[in-house]
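Report on the structure given below.
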Amino acid sequence: MEFKDIIMNRRSIRSYEDTPISDEDLKEILEAGTYAPSAVDLQPWYFVAVKSPEEMKKVYEVMGQVSDDCAPALRERFASFPQVAEESIKFIRMLGGAPVVILAFLNKPGLTKTDAPMVESVSAALENILLAATAKGIGSCWLTAPLQDSSNDSGKCWLTPAEEGSNSKALREAFAPDKGELVAIVTLGYPKMTPKAPKRKEGRYVII
Ligand SMILES: Cc1cc2nc3c(=O)[nH]c(=O)nc-3n(C[C@H](O)[C@H](O)[C@H](O)COP(=O)(O)O)c2cc1C
């Protein structure tokens, strides 16, 4: 696939086929993540790719809580499009049946999300992962919904960087107890349905 097509064809996929992803593809996708740039070359990421049904059950357990916690903010955000809100709530719960979920953590407990370049570096790696997956015809969706928890009454579907919510803590304790905070999760799988690209907003860049 041409580079431009990879960029344009990447979509957030929220419904997946059961078809497994080969370990070879998964390794290449994760490896692409590790080739992202990072602040002072710290490479501050640690990825856990979950694919076994037993391990996936642990992810679903937390995501059920995440879905309940995110529901009010999503219903408010999409008040004019209730179907979008309900689909998002459902997606968060079962992750669209994705056969693989990548959990992205900071690689050390000492690194915190208030060290802005750390989150930026992990985010660069995540975008590489999304694009590498797209190039293989594999769909993905980046989620920060697990950063939400019921103790957050800000009305937003995320927490401010310094806080580790109870849901992201549960994922860290289950999958990477010796690592730093969860930054995001990414679903991977062959798309059941590919939505149209949301319209891009005008005036978001200038050339001077
Ligand atoms: C940092 C970040 C967090 C996101 N969190 C979520 C999420 O929790 N749930 C979800 O369904 N989509 C999430 N998304 C996907 C966005 O909703 C999506 O990128 C946006 O609607 C544009 O659609 P597109 O990715 O198909 O271009 C997230 C994307 C980013 C970059």
Side-chain angles (χ1 to χ4, degrees), residues 1-33 36 45 47-53 55-64 66-67 69-71 73-75 77-78 81-105 122-148 157-158 167-168 171 175 182-201:
M1 215 188 286
E2 292 270 330
F3 180 67
K4 186 177 171 231
D5 294 332
I6 297 172
I7 297 279
M8 295 304 195
N9 291 345
R10 183 214 52 79
R11 286 278 68 71
S12 292
I13 302 298
R14 298 185 176 86
S15 177
Y16 298 91
E17 302 285 357
D18 294 338
T19 320
I21 296 175
S22 73
D23 281 354
E24 194 191 348
D25 279 345
L26 192 49
K27 223 177 139 196
E28 272 181 41
I29 290 168
L30 290 163
E31 198 69 13
W45 41 70
F47 301 114
V48 178
V50 180
K51 64 168 204 172
S52 90
E55 298 297 326
M56 197 66 93
K57 255 193 226 156
K58 296 186 203 164
V59 176
Y60 288 151
E61 237 169 71
V62 179
M63 294 312 292
V66 171
S67 179
D69 291 346
C70 279
L74 286 169
R75 289 194 178 113
R77 164 77 179 84
F78 296 110
F81 308 96
Q83 198 193 332
V84 173
E86 296 316 311
E87 278 170 11
S88 296
I89 293 164
K90 186 170 155 215
F91 167 64
I92 291 168
R93 183 172 299 278
M94 295 306 286
L95 298 172
V100 174
V101 181
I102 297 175
L103 313 177
F105 297 95
V122 179
S123 299
L126 288 172
E127 182 65 4
N128 271 14
I129 283 173
L130 265 45
L131 295 177
T134 307
K136 290 176 176 296
I138 294 171
S140 60
C141 188
W142 179 330
L143 290 94
T144 50
L147 306 186
Q148 168 75 326
C157 202
W158 60 81
N167 295 320
S168 34
L171 289 172
F175 293 102
L182 182 78
V183 175
I185 71 172
V186 168
T187 50
L188 289 181
Y190 292 94
K192 212 175 231 177
M193 207 199 74
T194 303
K196 264 178 55 187
K199 195 171 173 326
R200 266 36 195 180
K201 298 180 202 261

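The shown structure was predicted, so the numbers you read here are calculated from the model rather than taken from an experiment. Computed over heavy atoms, backbone and side chain alike; hydrogens, waters and symmetry mates excluded.
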message = Given 3.5 Å as the limit, does a donor-acceptor pair link the side chain of Thr144 with the main chain of Leu147, or not?
response = no

Inter-residue atom distance Tyr60.OH - Ser67.OG, 0.5 Å rounding = 13.0 Å

Throw together a table of side-chain donor-acceptor distances under 3.5 angstrom for residues 86-104, partners on residues two or more places apart or in other chains.
unit_1: Glu86; atom_1: OE1; unit_2: Arg75; atom_2: NH2; d: 3.1
unit_1: Glu86; atom_1: OE2; unit_2: Arg75; atom_2: NE; d: 2.8
unit_1: Glu87; atom_1: OE2; unit_2: Gln83; atom_2: NE2; d: 2.8
unit_1: Ser88; atom_1: OG; unit_2: Val84; atom_2: O; d: 3.0
unit_1: Arg93; atom_1: NH2; unit_2: Asp68; atom_2: OD1; d: 2.6

ask   = Looking at CG of Asn9 and CD of Glu2, how far apart are the two atoms once the value is rounded to the nearest 0.5 Å?
value = 11.0 Å

Where Trp45 and Ala36 come nearest, the two heavy atoms and their spacing = CH2-O, 3.4 Å

In residues 183-199, what donor-acceptor pairs under 3.5 Å come from side-chain atoms, sequence neighbours left out?
unit_1: Thr187; atom_1: OG1; unit_2: Tyr16; atom_2: OH; d: 2.7
unit_1: Thr187; atom_1: OG1; unit_2: Cys141; atom_2: N; d: 3.1
unit_1: Thr187; atom_1: OG1; unit_2: Cys141; atom_2: O; d: 3.4

key: Whether over 12 other heavy atoms sit under 6.0 Å from Arg77 CZ   = no

query = Got a second to check how far Asn167's CG is from Asp69's CG, nearest 0.5 Å?
reply = 5.0 Å

ask   = Got a sec, which residues hit side-chain contact (heavy atoms from CB on, under 4.5 Å) with Lys27, two or more places apart in sequence or on another chain?
value = none

Side-chain atoms of residues 124-135: list all donor-acceptor pairs with protein atoms under 3.5 Å, sequence neighbours left out, distances to 0.1 Å.
unit_1: Asn128; atom_1: ND2; unit_2: Ala32; atom_2: O; d: 2.9
unit_1: Thr134; atom_1: OG1; unit_2: Leu130; atom_2: O; d: 2.8

inquiry  = Taking CE in Met8 as the centre, count heavy atoms belonging to other residues, nucleotides or ligands within less than 6.0 Å. Is the count above 12?
reply    = no

key: Pairwise distance CD(Glu24) to CD1(Ile29) - rounded to 0.5 angstrom   = 11.0 Å

key: Over 12 non-hydrogen atoms of neighbours within 6.0 angstrom of CZ in Phe81   = no

Contacts of Glu61 that satisfy salt bridge (charged side-chain N to carboxylate O under 4.0 Å, His left out) - sequence neighbours left out = none

remark   = Residues at least two apart in sequence or cross-chain that pass side-chain hydrogen bond (donor to acceptor under 3.5 Å, both in side chains) with Asp18, listed by chain then number, are none

Validation row: Pro53, Glu55 side chains within 4.5 angstrom (heavy atoms) = no

